[in-house]
Amino acid sequence: MKYLLLGILLALSLSFLTAAQESNDAELDERVRVFSQQLRCLVCQNETLADSQAMLAMDLKQQIREQMKAGKSDKEILAYLTARYGDFVLYRPPMKRQTLLLWFGPFILLALGFCILFRYIKGRRDQIHEEPLSVEDHHRAVELLRSESGKEIA
Amino acid sequence: MRYLIPLIIFLGLLAFLAIGLGRDPHEVPSPLVNKPAPQFQLAQLHNPDKKFSADQMRGKVWLLNVWASWCVSCREEHPYLLQLSRTRKVPIYGLDWKDQREDGIGWLSELGNPYVLCVSDLDGRVAIDYGVYGAPESYLIDKNGVIRFKQIGPFDADTIEKKLIPLVEKLNQE
């Protein structure tokens, strides 16, 4: 009886242990997946490392997993990867002198667009002359309106 | 004037697209060029008991060629490597990448062996250290153990003659 109890206790504690291990692994898997979503697979370049099934992608994910397990931070792992494969592995390019145009080019184009739009609108506005109606013209207009409405009534 | 500005913009766009078309997106510039070649110590392909490390090549200009028996473009490159090895201009060392040892040895005995020696990188770790993403890739390493040139994809006669050999000669004089 004593042994049976002991056995049950042992089995229970073991199952708890493995459960803890599994949830730990699932957590790590998730971390690897989320992390590798920001990385480009070099073999199939329009796929993220997370999605890619290429041999190299699998190896790299394994490396990432091991380094995470060893307690490395995301930043350290990114540095490890860019030291080998360059900034090309990053889907989000870092801000550097070479990438300034990449980051700010669209805003420069947008500003340029606004400049052109502004000048265009201003040019059109200048074409419209505001000339006050002369007294004669005013009389003529009133005359015309009167005769028009008179016709309609008739 | 009215038509000139759109025309200029169009021509600019055309120029960008033309440059883009001429580029090979698979040629990713390596950050390792002009950096020390990563150290490694791996078992030799033909003598697994013996090791080879990049350190042993200090003081020599040498070519490290990453290949594998499963790699189709390596087959295409192979005759040029054989030719290069016959000129004795630069020693070629091979890194058999993620390959079965027998397959690698069989491949070399079938097609000829241009390498001084090969190492086998069974789990591909050294290849990752070198930033390999598709075989064949080759690294020209100078006397101080610095990578001076990386060839992505297969060598051909033209690249060997016009790029590699002049560079080897220059590095030998350094």
Side-chain angles (χ1 to χ4, degrees), chain A residues 36 39-49 52-67 69-70 72 76-91 93-94 96-99 101-102 105-106 108-110 112-113 115-117 119-120 123-124 127, chain B residues 1-2 4-6 8-9 12-13 16 19-20 23-40 64 66-74 95-100 103 121-137 139 146-147 150 152-153:
Chain A
S36 54
L39 299 169
R40 185 199 301 273
C41 169
L42 284 121
V43 184
C44 1
Q45 297 181 346
N46 286 334
E47 225 175 354
T48 65
L49 202 61
S52 177
Q53 297 293 315
M55 187 180 77
L56 178 70
M58 302 307 262
D59 285 359
L60 283 175
K61 277 187 272 189
Q62 183 59 32
Q63 286 267 348
I64 292 168
R65 203 187 151 85
E66 276 170 30
Q67 295 198 11
K69 239 181 177 166
K72 291 237 173 106
E76 284 172 306
I77 301 173
L78 279 182
Y80 166 88
L81 289 168
T82 47
R84 284 155 181 79
Y85 292 100
D87 291 338
F88 192 73
V89 289
L90 309 172
Y91 269 122
K96 279 185 182 176
R97 216 180 54 212
Q98 296 104 298
T99 57
L101 198 63
L102 186 68
I108 294 170
L109 281 181
L110 188 70
L112 207 72
C115 274
I116 291 168
L117 187 69
R119 280 190 55 176
Y120 179 74
R124 296 219 55 173
Q127 276 174 9
Chain B
M1 189 60 195
R2 225 181 125 188
L4 203 63
I5 293 170
I8 290 170
I9 293 173
L13 197 65
F16 274 118
I19 295 167
R23 280 192 175 171
D24 183 359
H26 280 279
E27 271 199 28
V28 182
S30 172
L32 284 163
V33 174
N34 293 325
K35 298 250 168 67
Q39 280 308 315
F40 65 84
L64 180 69
V66 180
W67 65 279
S69 68
W70 46 261
C71 152
V72 182
S73 310
C74 299
L95 185 123
D96 191 11
W97 182 35
K98 295 207 80 166
D99 208 356
Q100 295 298 317
D103 293 346
D121 185 17
L122 296 175
D123 55 9
R125 262 164 208 256
V126 173
I128 288 178
D129 281 343
Y130 274 80
V132 171
Y133 58 91
E137 284 180 23
Y139 301 82
V146 175
I147 296 175
K150 179 181 179 185
I152 296 161

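Naming convention: chains lettered A, B, ... in sequence-line order (proteins, then strands); numbering from 1 in each chain.
Counted within 6.0 Å of CD1 on B/Ile5, heavy atoms from surrounding residues, nucleotides or ligands total 12 or fewer; the atom is thus considered open. For CG of A/Leu101, the number of neighbouring non-hydrogen atoms (other residues, nucleotides, ligands) closer than 6.0 Å is 12 at most. Residue-environment remark: NZ (A/Lys72) stays at or below the threshold of 12 foreign heavy atoms within 6.0 Å.
Listed in order of number, the residues of residues 29-37 of chain B that approach chain A to under 4.5 Å between heavy atoms are B/Pro31, B/Leu32.
No other option in B/Pro38, B/Ala127, B/Gly131 has as many heavy-atom pairs under 4.5 Å with chain A as B/Gly131.
For the pair B/Trp70 (side chain) and B/Asp103 (backbone), a donor-acceptor distance under 3.5 Å is absent.
The SG atoms of B/Cys74 and B/Cys71 sit under 2.5 Å apart.
A/Ala54 does not touch chain B: none of its heavy atoms, backbone or side chain, sits under 4.5 Å away. Both the backbone and the side chain of A/Leu42 come within contact range of chain B, each with at least one heavy atom under 4.5 Å from a heavy atom of that chain.
No side-chain N or O of B/Tyr130 forms a donor-acceptor pair with one of B/Glu137 less than 3.5 Å apart.
Within the 4.5 Å cutoff, the side chain of A/Leu56 has no heavy atoms near those of the B/Val132 side chain.
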